[in-house]
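See structure below.
Remember, it's 1-based here, ligands and their atoms both numbered in the order they're listed. Model, not experiment: these values are computed from the prediction.
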Amino acid sequence: MDTQYLENIESNVRTYSRSFPVIFDKAQGARIWDADGNEYLDFLAGAGTLNYGHNESDLQKALIDYIQSGGIVHGLDMWTDAKYQFFKTVEEILLKPRGLDYKIQLPGPTGTNAVEAAIRLARHATGRKNIITFTNGFHGVTMGALATTGNSKFRQAAELPAIGAQFMPYDGYLGEGVDTLDYLEKALTDSSSGLDKPAAVFFETVQGEGGINVASIEWMQRLERLCKAHDILMIVDDIQAGCGRTGKFFSFEHADIKPDIITNSKSISGFGLPFAMVLMRRDLDVWKAGEYNGTFRGFNFAMVTATAALKKYWSDDTFEKDIQRKGEIVKTRYQKLASLISDHGHPASERGRGLMRGLDVKTGEMADKITKRAFKKGLIIETCGHDGNVIKCLCSLTITGDELEKALDILEDSVKDALAA
Ligand SMILES: *Cc1c(COP(=O)(O)O)cnc(C)c1O
């Protein structure tokens, strides 16, 4: 196996294999190995798809048992035992204890499918077309979702104008001391603002691809009040920040708000299988049969592993506390690195919530210097943000203390090397 072969045959559109140009063949927990037997710690974890690590043994066993028992693999969106168990578990473990009463829609298997469904449902339910989205938001790359995605790289590649959404400044966009919702509130109340009355606001509580930008609790609560006052739906895109990443199962729990619609994907299967879910306030379920469909709605394998993951990790708050504790460890180390970099004359800062953390080194060039060195030393870590300027921690939530320390040591060494270069 040589990488030349793959380079030659795979479209230029490929991305992650450019940052990590080796052939991987095994993975367990927070670790992944290439075909030459080199071991790497994985701080990318499928961009937040492997919150419980690679090949989590109990989920793997549940899946193998299901396959061996002759369970349904594909059934369109027909009712299956796997779906029954999954819905029951979502209700018992996620919704009821949080006082949430949602219906569940299983769209196609990827995040952007859930986003499309949520946007259409919001338009359908309100009879309005416009969606408010925020600067630096990332919501996927199909046409409807793309219209709500900020990054021009993705928008330009579509070769069609993105329509149906208007951007507002996210929390912090205009620097400290400016509450960006002042503008949204003014625009909503002024008929000459140019803002069409929206069906919904659509946002991430912590922007993943956009640079680990964290919405403050107060900002989210004010946004909820604004939505209520103007009869606008609130949709939280929890595709990356959800499933425990920020230290609570749903990332909006920190702000004690109740979105009208939630999109979820990435880690919801728990095992890295393609799966997406939309949760909607019961009265918003205005869909008629088949108005939004797809061949792969509700992958039974994914529902089997999702059920096992929810039961194992979310039946009480032990896991949640553990994520928060590990988040503090990363925060402290990232803060140290930010000071170290700043001391060398390069501005840098740290931010995040739970185990969704970023080290902002202000330029993509600096971030690349560090992450390239990290990869050579055995750490897979990616960048995000408008210029790829933020070094992102998305390690598995189940990473051991030793692995976490080792990965952070590698990152520290890489920073020191980059500064010395
Ligand atoms: C990854 C992501 C998406 C898109 O999911 P895909 O599975 O790549 O289509 C949407 N929203 C957020 C917040 C994401 O992180």
Side-chain angles (χ1 to χ4, degrees), residues 13-16 44-51 105-122 131-151 153-155 157-158 162 165 167 170-171 200-215 220 234-246 249-252 259 261-279 292 294 296-299 302 306 352-358 382-386 388 390 392-394:
V13 78
R14 69 194 175 86
T15 55
Y16 292 108
L44 174 59
T49 304
L50 296 160
N51 278 5
Q105 177 183 359
L106 301 179
T110 66
T112 201
N113 297 142
V115 171
E116 292 286 340
I119 290 173
R120 286 180 210 186
L121 182 69
I131 304 287
I132 296 283
T133 180
F134 292 91
T135 49
N136 284 305
F138 179 84
H139 302 291
V141 298
T142 51
M143 290 307 289
L146 190 65
T148 64
T149 289
N151 194 318
K153 175 178 84 181
F154 299 116
R155 296 161 68 80
F167 284 85
Y170 191 71
D171 192 17
V201 301
F202 191 59
F203 76 106
E204 298 159 89
T205 69
V206 180
Q207 295 183 322
E209 298 310 301
I212 314 291
N213 306 310
V214 184
M220 291 189 272
M234 177 191 254
I235 312 176
V236 168
D237 181 351
D238 231 10
I239 289 174
Q240 190 163 150
C243 299
R245 177 53 57 188
T246 66
F249 186 87
F250 293 111
S251 69
F252 55 81
I261 303 175
I262 301 158
T263 54
N264 213 317
S265 183
K266 291 207 164 86
S267 268
I268 184 70
S269 84
F271 201 62
L273 299 171
F275 192 40
M277 169 169 87
V278 179
L279 297 172
Y292 187 76
F296 293 105
R297 278 172 295 158
F299 181 26
R353 187 170 279 140
L355 270 173
M356 189 166 185
R357 309 211 74 90
E382 256 296 7
T383 60
C384 61
H386 62 94
V390 179
K392 195 178 185 185
C393 164
L394 280 181

So which of T112, T263, T148, D237 gets nearest to atom 11 (N) of ligand 1, if we judge by its closest heavy atom?
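Among T112, T263, T148, D237, the closest heavy atom to atom 11 (N) of ligand 1 belongs to D237.
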Selected option - heavy-atom contact closest to atom 4 (C) of ligand 1, from A145, G208, G140
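It is G140 that holds the nearest heavy atom.
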Pick out which of D238, T246, D237 makes a side chain to side chain donor-acceptor pair (under 3.5 Å) with S251.
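Option passing the side chain to side chain donor-acceptor pair (under 3.5 Å) with S251: D238.
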Could you tell me whether F138 and ligand 1 have an N or O pair separated by under 3.5 Å?
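Yes, F138 has an N/O under 3.5 Å of an N/O on ligand 1.
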Are any of the N/O atoms on Q240, whether in the backbone or the side chain, positioned under 3.5 angstrom from an N/O atom of ligand 1?
yes
Test side-chain contact (heavy atoms from CB on, under 4.5 Å) applied to L50 - qualifying residues, sequence neighbours left out:
A45, H54
Once salt bridge (Lys or Arg N to Asp or Glu O under 4.0 Å) is applied, what residue pairs with a partner in residues 107-118 remain, sequence neighbours excluded?
E116-R120
Can you name the nearest heavy-atom pair linking P274 to A302, along with the distance?
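Closest pair (atom of P274, atom of A302, distance): O-CB, 3.9 Å.
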Assess whether atom CZ of F167 is packed by more than 12 heavy atoms of other residues, nucleotides or ligands within 6.0 Å.
yes
Contact between E209 and ligand 1, counting heavy atoms under 4.0 Å?
no
How close does the nearest protein non-hydrogen atom get to atom 1 (C) of ligand 1, and which residue and atom is it?
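Looking at atom 1 (C) of ligand 1, the protein heavy atom closest to it is K266 NZ, 1.5 Å.
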E204 side chain to F138 main-chain N or O, any donor-acceptor pair under 3.5 Å?
yes
Per-atom contacts of ligand 1 with [X], taking only distances under 4.0 Å to non-hydrogen atoms:
X: E204; value: 13 (C)
X: G111; value: 5 (O), 6 (P), 7 (O), 9 (O)
X: H139; value: 10 (C), 11 (N)
X: T110; value: 7 (O), 9 (O)

Angle class for the Y170/F134 ring planes (parallel below 30°, perpendicular above 60°, tilted otherwise)?
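Plane angle over 60°, so perpendicular.
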Measure the shortest side-chain to side-chain distance between T205 and F250 over non-hydrogen atoms and say whether it is less than 4.5 angstrom.
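Result no, sub-4.5 Å side-chain heavy-atom pair not found.
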Does atom 7 (O) of ligand 1 have any protein heavy atom closer than 4.0 Å?
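Yes, because at least one protein heavy atom sits under 4.0 Å from atom 7 (O) of ligand 1.
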